[in-house]
Amino acid sequence: VVATVAWGVTNPRQFKDWLVVGKVAATQTLDGYVESAGISSTGRFYLFAAKPTLHTPETFDTACPVKEIGLAALGCVDPETEMVHLLDINDKTLSTLEPVVAAHQMLHAVWARLDASEQETAAAEIESTVSAITDQKLIETLSAYDGLPSEKRTAELFAVLGTEVNTVSANLEELYARFFDDRTKVVVLAATSSQVIESIMASIDEVGRKVVAADEKIGKERKDFQKERKALQADINIFNDN
């Protein structure tokens with residue numbers, strides 16, 4: 001007991017996390033995310049240290065008034081409480097997405113707990129990895145974070161690279177390996193989710209185009225009808241005058 005108390009005094013953040021995790025009730029849904037995303041026991045510890053809460057759409061909007069970018073948009077970390085909030089998705093079409101969001105938020109919890117030296121070392125590896133990326137689509141995805149303050153951008157890239165990018169620097173991969181048993185699981189889920197979302201967006205665009213086309217057709221037919229109606233009325237007037 002004395003040794004535990006002494007460790008807690010010298011490691012207050014870790015001691016607090018240990019106490020929090022011991023009180024957080026595991027759920028089948030959350031542990032399913034952990035398993036699906038290939039998160040390790042250490043990664044699970046940090047996810048649960050952030051007190052992950054599952055929300056309905058109504059409570060999620062209140063808990064996360066400022067949404068994340070990209071695939072992580074269905075989750076957030078409250079900057080004041082450092083609690084993770086996740087939208088509880090019941091749509092099977094998007095079943096691959098929430099484990100990615102949970103893993104993304106787990107990495108935010110991890111980043112917040114790295115000391116300044118670890119963050120500095122990781123930041124250099126993050127920039128090295130980003131600069132080596134040649135895939136234009138991925139470059140565009142990561143560029144969405146360019147407008148953020150430097151520290152926030154680095155934290156976001158740490159979470160995005162860890163969950164969505166297959167190849168990172170060797171040192172960064174070694175760091176991620178502490179929090180994933182098999183990181184390829186979450187990367188595959190992210191790719192699948194991205195394809196599903198793109199398909200949904202394409203369908204929405206197609207429906208939108210059809211609606212616009214139908215509206216234009218109806219508009220043209222209405223104008224033709226009004227023109228023909230006026231011509232008919234003119235003929236009727238001429239007939240009545242005679």
Side-chain angles (χ1 to χ4, degrees), residues 16-113 141 144-145 148 152 155-160 162-164 179-180 183 185-208 211:
K16 178 184 176 182
D17 286 341
W18 181 71
L19 292 176
V20 168
V21 172
K23 295 179 181 178
V24 173
T27 69
Q28 184 176 357
T29 299
L30 289 172
D31 275 334
Y33 295 162
V34 169
E35 174 64 25
S36 296
I39 295 173
S40 68
S41 58
T42 300
R44 180 186 184 280
F45 176 88
Y46 285 114
L47 175 62
F48 278 70
K51 300 180 183 178
T53 302
L54 296 171
H55 291 273
T56 64
E58 293 76 18
T59 60
F60 179 73
D61 286 340
T62 301
C64 294
V66 179
K67 301 299 187 295
E68 292 231 26
I69 301 172
L71 295 182
L74 301 184
C76 75
V77 176
D78 186 317
E80 295 185 4
T81 64
E82 295 187 343
M83 290 177 59
V84 163
H85 299 281
L86 303 169
L87 178 62
D88 189 6
I89 301 175
N90 297 312
D91 188 340
K92 291 184 178 180
T93 305
L94 296 172
S95 61
T96 59
L97 180 55
E98 198 57 32
V100 179
V101 180
H104 180 104
Q105 303 306 334
M106 177 272 289
L107 288 177
H108 274 306
V110 167
W111 183 264
R113 288 160 175 78
T141 297
Y145 299 95
L148 297 176
K152 184 170 178 57
E156 289 293 346
L157 291 180
F158 176 70
V160 173
T163 54
E164 300 180 38
F179 314 109
F180 292 95
R183 196 174 67 84
K185 284 187 175 182
V186 72
V187 174
V188 169
L189 287 176
T192 301
S193 298
S194 181
Q195 292 172 357
V196 170
I197 292 173
E198 287 178 2
S199 176
I200 292 173
M201 295 305 295
S203 297
I204 292 173
D205 288 342
E206 178 62 23
V207 170
V211 169

State which residues pass side-chain contact (heavy atoms from CB on, under 4.5 Å) with Asp61; sequence neighbours excluded, sorted by chain then number.
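Expected list: Lys67.
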
Can you find a heavy atom in the side chain of [X] that is under 4.5 Å from one in the side chain of [Y]?
X	Y	result
Ile69	Glu156	no
Leu54	Tyr33	yes
His108	Glu82	no
Trp111	Leu157	no

I'd like to know if the side chain of Arg44 and the backbone of Ile39 have a donor-acceptor N/O pair within less than 3.5 Å.
no

The criterion is side-chain hydrogen bond (donor to acceptor under 3.5 Å, both in side chains); which residues satisfy it with His55, sequence neighbours excluded?
Thr59, His85

Only counting residues at least two apart or in another chain, list the ones meeting side-chain hydrogen bond (donor to acceptor under 3.5 Å, both in side chains) with Glu58.
Thr56

Just verifying a value: how many Å separate [X] [atom1] and [Y] [atom2], rounded to the nearest 0.5 Å?
X	Y	atom1	atom2	answer
Leu47	Phe179	CG	CZ	12.5 Å
Tyr46	Ser40	OH	OG	10.0 Å
Leu94	Thr192	CG	OG1	12.0 Å

Under the salt bridge (charged side-chain N to carboxylate O under 4.0 Å, His left out) rule, collect the residues that match up with Asp88, sequence neighbours excluded.
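Here no residue qualifies.
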
Please determine whether side chain to side chain contact (heavy atoms under 4.5 Å, CB included) holds for the pair Arg183 and Val186, giving the CA-CA distance in whole Å, both sets of side-chain angles, and the decisive distance to 0.1 Å.
CA-CA 6 Å; Arg183 196 174 67 84; Val186 72; 4.1 Å; yes

Atom pairs and distances, donor-acceptor, side-chain atoms in residues 95-103, under 3.5 Å, two or more places apart:
unit_1 : atom_1 : unit_2 : atom_2 : d
Ser95  : OG     : Lys92  : O      : 3.0
Thr96  : OG1    : Ser193 : OG     : 2.8

Kindly indicate, with the supporting measurements, whether the criterion side chain to side chain contact (heavy atoms under 4.5 Å, CB included) is fulfilled by Leu30 and Val34.
CA-CA 6 Å; Leu30 289 172; Val34 169; 5.7 Å; no

Residue pairs, two or more places apart or on separate chains, that pass disulfide (SG to SG under 2.5 Å) and touch residues 75-109
Cys64-Cys76

Looking only at non-hydrogen atoms, find the nearest pair between Phe158 and Leu107 and report the distance.
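Of all heavy-atom pairs spanning Phe158 and Leu107, the closest is CE2-O, 3.4 Å.
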
